[in-house]
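The structure under discussion appears below in the form of structure tokens.
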Amino acid sequence: MEKTSHIRIYGIVQAVGFRPFVSRTALSLGLRGSVANRGSFVEVFLQGGEEAKKEFLKAVENDPPPRSAILRIDHKEVEMERKENFEIIESSREKGDIFVSPDIATCPECSKELYDPKDRRYLHPFINCTSCGPRLTILESMPYDRERTTMGEFPMCEACHKEYVTAETRRYDAQPVCCNSCGPEVYIIGREEKGLYAIQKIRESIMEGKIVAIKGIGGFHLCCDGRNEKAIALLRERKHRPHKPFALMMPDLQTIQKECITSPAQEKLLTGHQKPIILLKKRADSSLPAILAPGNPTLGVMLPYAPLQMLLFDCGEENNKNFTFTDVLVMTSGNVSGAPICRNDEDAVKEIGSFCDLILSHNRKILLRADDSVMEIVEDKPYMIRRSRGYAPLPFILSKDWKGCVLGIGGELKNTFCIGKDALFYPSSYIGDMGDMRSCAALKESVARMGELLESCPQMVCCDLHPKYNTVAAAEEMGLPLLKIQHHYAHILSCMAENDFLSPVIGVSFDGTGYGTDGTIWGGEILHCTPDGFERLCSIAPFRQAGGDMAAKDSWRIAASLLHSLYGENGRAKAAELELCTEKEYKFISMMADKMLNTVISTSGGRLFDAVSAILGLCRSSSFEGKAAMDLQFAALQYKGDKEDLSCGIWEEEGRTILDTFSLVRKITDIYLQEGNREKAAFLFHENLAELIVKGCEKAREKTSLDVCALSGGVFQNSLLLRLVKTKLLQHSFKVLTHSLVPPNDGGIALGQALAAMNILNKRS
Ligand code: ZN
Ligand code: ZN
Ligand code: FE
């Protein structure tokens, strides 16, 4: 028997080259023993000198493999039989906290080999290694081993196998490893071309102005030349997407910097190993066509993250000869609006086949979809808008002693779900809008698959209060104990969860719409929140929102409703002065509001922004969700003048504080009508709404003695409002919790739902 160190390393330690790293480190220090993957952790036994063991632990803590993330190291001494060498033990299954790695963008070493004519993997569209390549999207079950991925059906050639089993190589234990003589193959659906010929054909088609679909890591993209206005217009027409900005892919940072302004923090995220879409400010001298993002001062840009995408821009000297390829590609999700992204040939042909001329595919299967993640950088930190590829399903870890398993089924729009297992919460990739039955099917399938990967079986499900949501129906169908929680409360809980802050907070939930506990529509709320429940302390001034579902698209309808609530009889004259709508239209809206026909009482913050956007003549009707509010924000950002305090107040009504957004809108309308300055009116609206929110928080502090505010809800995707509210709250000595890696919009609420369910589950038992 010999004194042996028994070490368990928890975190992202699978599929990132951890075992070979451990083996190399141990051997270099002359240590004996073994290392094994245990699903949730890597288990190490070490025999040898005490100093060497200390050195080993230091190396693990300070210099682990680049893609790993260590969450905890457990270390104890045991007695064991003497080992003669250091051994890597094959995976065995063990239950516990499981960390599934997200997909990782192609690493610099692989990128170099890709373009080295002497390398075995020269121009290989699937090159990857221990620190890069697909992970979550190809995983069938845990632990992560080749047989349990969709690479299992491709036998390795002799040379690849040798790298795979040799600890000294960059591909030791790299499950998706393959090369030009083994592994998957690229082809064009319904045509003869394969491999590089197929890629070259696609490149030529793009330069001819064609629209193509291209299979990536987590699904298909629709793609065209980002400098060809005709092609972009055609894609807009075919995808029925007249204005919504398209995401762009550019070959390198230098190209991005020719078109956009970048900060060091943005550059770091652009070139990092997740490669999300980053919203960047377009340069004044940008040469890109306006049709890419009409009326929008920003562009969503990413760098290639899969070898196939790199080969589109640069297909080797031979193929680049006498051929100039574009330096900007439109890369938009390959889906029907609202439906999930297509991930196999059958779906691609059926659903997006009519949008494109050719489809470039390959035979490595995608098991779980992963759209591109989208984020803005606010105060040098990520501010997530869509959390998916590269991030999902990394867990959020709460410092709670919770046990059990729950599911938060998520919201109706921008759906993601979240599995909670003990104190770990795993938000899923982006699914889609649940108005589309295909998204509902994808939700059910993904819940089942993620449950399997995480070896979890929910004991309780949490969903929204809304009586008509498809997510609610899906949750009810599961036949498990069901918890229904209010939408805006879920937003605040998600912000608390992300910040691992579970003490009571003042929750500022400014959002589109959500079903309130009183049957009215909420969305501009200040709530007293704890994991056990909430109290509504404050809201914006309630108004009669006429027009039902149509009104969400036609912001002029909301504006007319609001003017009617504000001015009564005089509203018609205001609407005429603002050229908001015809007299007949106004009459119709005001009649509906008066008689409460197709009319709801609303305190929606999102709708307030829509209305002001229409009143200022910025956006009277939107072709995509959020457009009116975005136009209002962009106008405000152009204002260079001074701020003005419009002194809007608050009042108490039925035990609730009301922010006087009526007087705010009246004053903004007057400023606009008197001065004709949209930018000023838009800015003062933001500035003074922020002021009102702070007044609401002050009142909430009086009532609750709390001084921590959590900011969440889709309206806070507006980084100008976020900045203004946060700054003012800090000036008033509040502590402020904001989102970073969880979206403030409905893509984030599943985390809040899962938190609520886990809390209740543990209270009951
Ligand atoms: Zn690599
Ligand atoms: Zn091979
Ligand atoms: Fe919401």
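Atoms within a ligand are numbered from 1 in the order they appear, just like the ligands themselves.
For Lys414, the NZ atom is densely surrounded, since the number of other residues' heavy atoms within 6.0 Å is greater than 12.
By the 4.0 Å N-to-carboxylate-O rule, Glu168 lies too far from Arg24 to be salt-bridged with it.
Aromatic ring centroids of Tyr489 and Phe534 lie under 6.0 Å apart.
No other N/O/S atom of Asp746 lies as close to the Fe ion (ligand 3) as OD1 does. Looking only at N/O/S atoms, Asp511 comes nearest to the Fe ion (ligand 3) through OD2.
For the side-chain contact (heavy atoms from CB on, under 4.5 Å) test with Pro176, the passing option among Arg171, Arg135, Arg146 is Arg135; the others fail.
Here the Zn ion (ligand 2) is the vertex; the SG atom in Cys179 and the SG atom in Cys157 give an angle of 100° (to 10°). Take the Zn ion (ligand 1) as the corner point: the lines to SG of Cys129 and to SG of Cys110 open at 110°, to the nearest 10 degrees. Geometry about the Fe ion (ligand 3) gives an angle of 100° between NE2 of His491 and NE2 of His487, rounded in steps of 10 degrees.
Inclusion of Cys178 in the first shell of the Zn ion (ligand 2) is not supported: no N, O or S atom falls under 2.8 Å.
With no hydrogens or angles considered, a side-chain donor-acceptor pair links Tyr305 and Asp372 at under 3.5 Å.
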